[in-house]
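In what follows, every chain begins at residue 1, and chains take the letters A, B, ... in the order their sequences are listed.
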Amino acid sequence: MFKKLIEESTAKSPWLFHINSGSCNGCDIELVAILTPRYDVERLGFKLAGSPRQADIVVVTGPITKQSLPRVLRSISQVPEPRCIVTMGSCPQSGNVFKGSYSVAGPLSKYVHVDVDIAGCAPKPEAIIDGLALATQILKEKRGQM
Amino acid sequence: MDFPFVREAVVKLFSKPSTQLYPAVPSEAAPGYRGKIVFHPETCINCGMCERVCAGGAISTTVEKTEEGDKITRTFDLGSCTFCNTCADFCSRHSIELTRDYHMIGVEEGDLLVSGTFIKAPPKRPAPKPAPTPKPVEEKKADTPAPAPEN
């Protein structure tokens with residue numbers, strides 16, 4: 001009974017965890033912008049969590065530098081299943097202009113399964129809201145399968 | 001006593017919140033926003049300038065030989081693009097356009113690819129000119145009539 005209650009309540013309010021893996025801060029600022037009163041994403045239930053253990057959706061920004069790779073993977077592995085991994089901006093998808101650098105460990109999809117890609121450099125806050133809404137749906141499907 | 005912000009506080013108390021109700025109310029990007037790339041393959045001449053100036057290496061070209069000519073496919077990977085507009089600036093035929101569409105979300109592979117195919121054929125050779133007919137050699141003897149030129 002408790003499990004069902006928890007599942008119903010978490011379905012409408014997914015918590016975000018933001019990982020910066022060497023980002024230029026452009027995407028980070030846009031992610032903060034959706035939490036401001038202008039876009040106010042908390043009215044849709046999203047909330048920025050302080051710890052990966054409390055999160056449902058992981059938002060990764062930055063081109064995954066070699067220094068940050070073990071930390072990113074460690075943080076993602078701490079997020080409980082079912083989880084949804086969202087890459088934000090062009091960097092974690094391909095490396096963008098940092099592609100081929102000696103200190104970039106490549107796209108995130110080489111290491112973990114990525115559910116949603118939000119393109120843009122940096123993406124518009126509306127596009128981020130769209131992507132997170134899609135991530136919520138995917139999360140709901142995953143929860144149904146479990 | 002001076003209360004500098006009382007008037008503003010009262011006005012804001014009765015004004016609408018400044019929150020944009022985005023998913024319910026659609027919002028449009030500002031003019032000049034550089035979003036999703038649209039490629040017009042019918043005007044492209046395959047000069048390769050866009051691929052050369054692209055900082056993120058987002059543009060790739062594949063060439064396939066066919067009987068009609070070279071079948072050229074140009075692909076723009078939006079997941080690798082910086083949206084700097086340099087490719088569109090350098091395109092002499094204005095084949096690349098960055099629109100104001102910002103809804104770029106990929107779930108499966110290939111969702112963020114924009115591509116166009118066109119066939120580049122070498123210009124047709126002009127029709128061969130008819131060979132000049134040899135002039136009949138005038139004979140010195142005026143008595144005998146000149147033979148009719150054979151084609």
(request) Output the option from A:Ala133, A:Pro107, A:Gly120 having the highest count of non-hydrogen pairs under 4.5 Å with chain B. (result)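 Most heavy-atom pairs under 4.5 Å with chain B: A:Gly120.
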(request) Let me know if A:Lys124 has heavy atoms under 4.5 Å from chain B in its side chain, its backbone, both or neither. (result)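 Contact with chain B involves both backbone and side-chain atoms of A:Lys124.
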(message) Is A:Asp130 close to chain B through its backbone or its side chain, or both, or neither, when contacts mean heavy atoms under 4.5 Å?
(response) both
(request) Find out if a path of hydrophobic residues (ILVMFWY) with successive side-chain heavy-atom gaps under 4.5 Å connects A:Leu48 to A:Ile19. (result)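 The answer is no; the residues belong to distinct hydrophobic clusters.
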(request) Could you have a look at B:Leu78, B:Leu21, B:Thr82, B:Val107 and say which one has the most heavy-atom pairs with chain A under 4.5 angstrom? (result)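 So the answer, after comparing B:Leu78, B:Leu21, B:Thr82, B:Val107, is B:Thr82.
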(message) Assess whether a salt bridge exists between B:Asp70 and B:Lys65, defined as any Lys/Arg side-chain N lying under 4.0 Å from an Asp/Glu carboxylate O.
(response) yes
(message) Atom CZ of residue position B:Arg100 - does it have more than 12 heavy atoms of other residues, nucleotides or ligands inside 6.0 Å?
(response) yes
(message) Do A:Ser103 and A:Thr65 pair up side chain to side chain, a donor and an acceptor below 3.5 Å, judged on atom types alone?
(response)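 The criterion, which ignores hydrogens and geometry beyond distance, is not satisfied for A:Thr65 and A:Ser103.
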